[in-house]
Amino acid sequence: MLGQRRDPPRGQHRRHGLRCRGAGVVRVVGHDAAAGRCDPHRYTGRRGPHDGGGPRGGGDRRNRRAHEPGGECMSVRVRFAPSPTGFLHVGAARTALYNYLFARAEGGVFILRSDDTDTARSSQEYQDDILEHLRWLGLEWDEGYGLGGPGTFRQSDRYERYAQVAAELVESGAAYYSFVTPDQLDQFKQDARTAGTSPAYDGSLEPEPAEAGRRQSEGESAVVRFRVPRPGETVFTDVVRGDMRFEHAQVDDFVILRSDGRPTYHLASTVDDVDYGITHVIRGEDLLSSTPKHILLTEAMGGVPATYAHLSLLMGPDGKKLSKRHGDTAMAAYREAGYLPEAVNNYLALLGWSASEDDDDVVSMADMIARFDLGALSRNPAVFDTKKLDWMNGVYIRNLDDEAFVAMTLPDLERSLGRSLSAEEVERFRDLVPLVKERTKVLPEVSEQVLFLFRPLDGYDEASWEKVMETPEAAVALDGAIEALTDLDPWTTEAIDGALRDMLESEGLSARKGLQPLRVAVSGSTVSPPLFESLEVLGRDETIARLRAARAELA
RNA sequence: GCCCCCAUCGUCCAGCGGCCUAGGACUCCGCCCUUUCAAGGCGGCAACGGGGAUUCGAAUUCCCCUGGGGGCACCA
């Protein structure tokens, strides 16, 4: 019996028959099986007949996906199943996010699985990276890898189970031992190509059953292939793409078990989806054309296919599929570059979904959950453009409270400084936080802005110096400031402000002409946080010293 | 080559037959505010790929073309 699972994950699943039925339907030509679904008004996708979601306005979007309890549906179970063959990248993170949002929106379960059947390319380092960054993003999973409990949710631990399923499929005739050689297959595909026909392998190169049985029992190396019923077709309704139809003539008799006994992705992934009771498979569009294989496999196992939702892919600025050559695609790079997880989530959510009701597109995780609607996701591929991410990160940074901001930026500041800040210095830094915050897009910029306050100047920015120091007003301003500030007491922003403005007036200088030289003298650049506050934090002695040094440089 | 998906400003999204002289966000450009840089305010540039068809009426429906993307492994 195929439906049995020997490694049931935490939380027993109902019998398949009780599950909310997916939209997958296999049919032999001429037979149109009805796709019973527990709620025809949900997840029909935009391509389906309009469900009459009510008049626009009045929050009908919410009503459309409101969950009706008490139905026959078992609760939603989704999974994010990355292969640990690389660091968590932004595209995968978006897939994880949408899975997470859907689970939370439906009161369902979010599962993390490790699809590590590619033993050659998988590594623990990648696996760790994926976990770490999912956690960093706050996409906590309810079941799965790394949480303990029954089941490891790691496919490399379940080879026996997959082999067992494969054996049962062979037993039932749904699959067979295949002896075609790679060369033969190449030739087959080559011929199909020149003939302009479908290159899908149909098993026609296999030996007679009797001979196959003999060779198999003699221990000849063989793979197990799934026998795709031909003619026939698989139709299903994709939640984001609508009704899909794939003729089986286009589908290979695909390998499910390698000659070394290990499963392929199709087998392992499908078995797991059945065993773990996955109700909705939300994944990248690159798997769309593999879906018939998964549905066929599921049904051959006696399972009920999940509902599928295929997300559009992320592209680089050149319109090609996002990859390393487009620059940073690893989540780690964004974390290190000083992006906040909230901003990353928000931005990623926007790539393919109109996540916010507000004009500025800023939306909290809670609101995203409240609004999430699988059927409303865009079908267009989206270009990953960091410009908007930068802006959005600035928004989130500005919204940080001062304490959090200090906590997040202090380590980098101290690292740049090469020493730790005294308690008194931290206080001074804190005083400047409101000013610095609104000038920051990514965290490391903070150090750049305030470093001059905590260490001696290491020279002046050349362009800045030329621009404001090589003017007739510079010396006047510096002399005037030195005089105005030398005996200033108290040394506060207000007092400095007053003293310097008096100086400007008596010297007949505009603020621009008179203050910029001071800024360069003190900070080394024409770009810095507000001057008076900066001077207060710098302290009188250091301020005067820097003004004198610049003045000397002028002479 | 075969199969599949997609097609609104530079980018993301809205638009679900009349409310569209197409809306918002980011970017960019002006102006205002201002001691610099930001932030903020105001304003501007900027799109329905092409062709047919249906309809009184199409960005919205259908077909074709073109363009872009994905898949066609003992990778996932």
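Convention: sequence-line order gives letters A, B, ...; per-chain numbering from 1. Fair warning: this is a prediction, and the values are worked out from it, not measured in the lab.
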Measure all distances between protein nitrogen or oxygen atoms and nitrogen or oxygen atoms of nucleotides 10-12 of chain B, and list the pairs falling under 3.5 Å.
from, atom 1, to, atom 2, distance (Å)
B/rC12, OP1, A/Val383, N, 3.2
B/rC12, O2', A/Leu350, O, 2.7

Tell me which pairs pass side-chain hydrogen bond (donor to acceptor under 3.5 Å, both in side chains) where either residue lies in residues 442-453 of chain A, with sequence neighbours left out.
A/Asp412-A/Ser447, A/Thr440-A/Gln449

Write out all pairs satisfying salt bridge (charged side-chain N to carboxylate O under 4.0 Å, His left out) with one or both partners inside residues 503-520 of chain A, taking only residues at least two apart or from two chains.
none

From the set B/rA76, B/rC72, B/rA14, return the single nucleotide nearest to any side-chain atom of A/Pro199.
B/rC72

Against the side chain of A/Leu288, the closest entry in B/rC2, B/rC5, B/rA76 is B/rC5

Tell me what A/His266 touches on the nucleic acid: a base, only sugar-phosphate, or nothing, going by heavy atoms under 4.0 Å.
base

For nucleotides 43-46 of chain B, give me every protein contact, N/O to N/O, under 3.5 Å, one pair per line with atom names.
none

For the side chain of A/Arg379, counting heavy atoms from C-beta on, which of B/rC6, B/rC5, B/rA76 is nearest?
B/rC6

With no hydrogens and no angle check, do the side chains of A/Gln187 and A/Asp191 hold a donor and an acceptor under 3.5 Å apart?
yes

Select base, sugar-phosphate, or nothing to describe what A/Leu287 touches, counting heavy atoms under 4.0 Å on all strands.
base

Reading 5' to 3' through nucleotides 33-40 of chain B, protein heavy-atom contacts under 4.0 Å coded B for base, S for sugar-phosphate only, - for none:
--BBBBSS

How close or far is atom P of B/rC2 from atom CD of A/Gln190, stated in whole angstroms?
14 Å

When we call it a touch if two heavy atoms are under 4.0 Å apart, what does A/Met315 touch: a base, just sugar-phosphate, or nothing?
sugar-phosphate

Set of residues satisfying side chain to side chain contact (heavy atoms under 4.5 Å, CB included) with respect to A/Glu533, sequence neighbours excluded
A/Leu432, A/Leu435, A/Thr493, A/Pro530

Picking from B/rG24, B/rG69, B/rC72, which would you name as closest to the side chain of A/Asp359?
B/rG24

If you look at every strand shown and take non-hydrogen atoms under 4.0 Å, does A/Lys513 touch a base, only sugar-phosphate, or nothing?
nothing

Just by distance, do the side chain of A/Asp116 and the backbone of A/Gln155 share a donor-acceptor pair under 3.5 Å?
yes

